[in-house]
Each structure stands twice: as C-alpha cells, then as structure tokens.
Amino acid sequence: MYTQLQQRGSDHPPVTINTLAQMRAAGEKIACITAYDASFAALVDAAGVDVVLVGDSLGMVIQGHHTTVPVTMDQMVYHCAAVARGVQHAFLMADLPFASYTSRELALANSVRLMQEGGARMVKLESGASQLDIVEYLTSHDIAVCAHLGLKPQSVHKTGGFRVQGREEQAAARMLADARALEAAGADLLLLECIPAALGGEITRGVHVPVIGIGAGPDTDGQILVLYDVLDIIAGRKPRFVRNFMVDSGNCQAAVAAYVAAVRGATYPAPEHCF
Ligand code: KIV
C-alpha cells in the first residue's frame, strides 16, 4: 500500500519535502528546473534534478505571451498532469497562476486541483505580507507551500516591468521580514527571484526552510532555471542570471545534467550571473 515506504529503501528514493530539508541541513545544493510536458519531465528527471516546477512561465515559453498573466488554472492543471506522468524521482511543484489565490477558499480549491488532477506535491504562489493568511490556510489544510519573493512576474503590470528587486535598504529589510513571516505562516520552501546576491544570502541565513534562488546569487540552498533557458531555445536577449548549458553539451539530457552538476558543485551561478 505505501509505495513511498517501499521506495524509501531503494538506491534512488523519490525526493520529498524532508529530502529538501535534509539537503539544506547537510549543505548539499538543491537543483531545480521547470518542465511543461511529459517528455521533458522524464528527461530532466533522468538527468538528476531534485525539484521540477511546472511554472506559469509556460505562458511565455510555450504559449508565446509577453507575461505570465494570461495563464489559466485549467492550463496549469493540464501541463502539471502531463509533467507528473514523466516524473519518477524529483519532487513536483506547480504554480498557482495569476488571480487564482485571491481568497483563502479560492487558493485552497485551486491547490487541491493542482494536487488531485495535476499530481503536484507542492504549490507555489507569489507572496508577500498580503498572502500570509493564504499560506497559513493552505498549510493548515496539509498543503505544502513554496512562497515566491523578489521579482514577481504576475505583478509586472502593477510594478512596471521585470526589474531586480530589493536593491534599496528598506525594500531589502521588508523582503527579509516577509520571508520570515511566510516561514512562520507555514511556508515549507522559499523561492527568491532577481535580487542582489547579498540579500539572497541574508534571507537564506535568516530562515530555517530551504531557499531556492533564480538570479539571487550563490548563497541560497539551491537554484532554479527555466528549462528553455538552460537549453538556449529562446532567441534574443537573456536575463543576466541565465547560463546556456547546451553550448558545451551534445544533447538536451547532457545539458541538464551539466546544469545539475554545476549547481551541486557551486560553479553556477558565477559572479557574472549575479546582481
Ligand atoms: O514560472 C516559473 O517558471 C517560475 C520560475 C522562474 C522560478 O516561477
């Protein structure tokens, strides 16, 4: 009955929320990446990533929108279910899309959809002080939550664009306070996007849960990148934190394996990827 119990004794047990906490405690870097379909999910899983995120970045890299705002709940569930079919080992996290968590009840109903229909193990929401009661409500209903701080792509029309966050002293102090408050509200994981490397390190040291960074410097407990950036699929100007892992690899799986090795070996991110 308890398949997970049987798999726990195997050479390669599935990653759980406890694995991530143990990795943080042991100082082992956590390698995370996005995926949006079953084939790439199986590929990144086989390449050894610890966490697969079905990100609402799919609105940009799959659907061709300029932002993540148009992504709907039905689309997230569809892609999450496809990814879940490809993942065997990694921990599966999925984004709650724009306006899908504007009340506690809506957040709970949509998280349940991601878990029951999509197969997600954890939901991620773009968070700050205004989302504390939602995080508390979800965790009190046994839902594992990742709180996304820093650059919040769902808010770009309100904040005026994709910009590094937390550069000013006051904004940095507020982000650290928010991170601590979200942890106290029950968040099991934090994700920091596009902030100065020093602040990434300060927040990581200032909380007890694992912290994953994207453009947040080398001192977070792990890194995440959008798969299509790792594989250099998207043409044009890239954010500073992106590294093309395809350039020295013969194929997609080797590129993702090189990314995992660079995260684990702390050679990515290098100073040129940091703010
Ligand atoms: O949607 C997404 O892919 C994300 C990552 C950029 C962290 O949130």
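Both counts, for ligands and for their atoms, begin at 1 and track the order of listing.
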Completion exercise
His148 heavy atoms within 4.0 Å reach ligand 1 at atoms 8 (O)
Practice task
Tell me which protein heavy atom sits closest to atom 3 (O) of ligand 1, plus the residue, atom name and distance to 0.1 Å.
Solution key: Ser57 OG, 2.5 Å
Handout entry: Atoms in ligand 1 flagged as close to Gly55, the criterion being non-hydrogen separation under 4.0 Å
Key = 1 (O), 2 (C), 3 (O)
Handout entry: Under-4.0 Å heavy-atom contact with ligand 1, by part of Asp95 that carries it
Key = side chain
Practice task
Verify the distance criterion only: is there a donor paired with an acceptor across the side chains of Gln75 and Gln63 at less than 3.5 Å?
Solution key: yes
Exercise for the section: Find all atoms of ligand 1 within a distance of less than 4.0 Å from any non-hydrogen atom belonging to Thr34, and give their numbers and elements. Expected result: 3 (O)
Problem - Identity and distance of the protein heavy atom lying nearest atom 5 (C) of ligand 1 - result: Leu53 CD2, 3.9 Å
Practice task
Find out if a path of hydrophobic residues (ILVMFWY) with successive side-chain heavy-atom gaps under 4.5 Å connects Phe98 to Leu149.
Solution key: no
Practice task
For the pair Met93 and Val123, evaluate side chain to side chain contact (heavy atoms under 4.5 Å, CB included) and give the outcome as yes or no after the intermediate values.
Solution key: CA-CA 6 Å; Met93 164 160 78; Val123 300; over 6 Å; no
Handout entry: Taking every non-hydrogen atom, the tightest pair across His273 and Val242
Key = CD2-O, 3.7 Å
Completion exercise
Under 4.0 Å from one or more heavy atoms of Asp56, ligand 1 contributes atoms 1 (O)
Handout entry: Asp50/Arg264 under salt bridge (Lys or Arg N to Asp or Glu O under 4.0 Å): CA gap, chis, key distance, verdict
Key = CA-CA 11 Å; Asp50 302 301; Arg264 294 221 201 289; 2.8 Å; yes
Exercise for the section: Using a strict cut-off of 4.0 Å, indicate which atoms of ligand 1 neighbour a heavy atom of Lys124. Expected result: 4 (C), 8 (O)
Exercise for the section: Look at atom 6 (C) of ligand 1 and say which protein heavy atom is nearest, naming residue and atom and giving the distance to 0.1 Å. Expected result: Ile214 CD1, 3.7 Å
Practice task
Consider only side-chain N and O atoms of Thr139 and Glu136, and report whether a donor and an acceptor are under 3.5 Å apart.
Solution key: no
Handout entry: Same apolar cluster: Phe162 and Val69, side chain cutoff 4.5 Å
Key = no
Exercise for the section: Have a look at ligand 1 and work out which part of Leu58, if any, has a heavy atom under 4.0 Å from it: side chain, backbone, both or neither. Expected result: neither
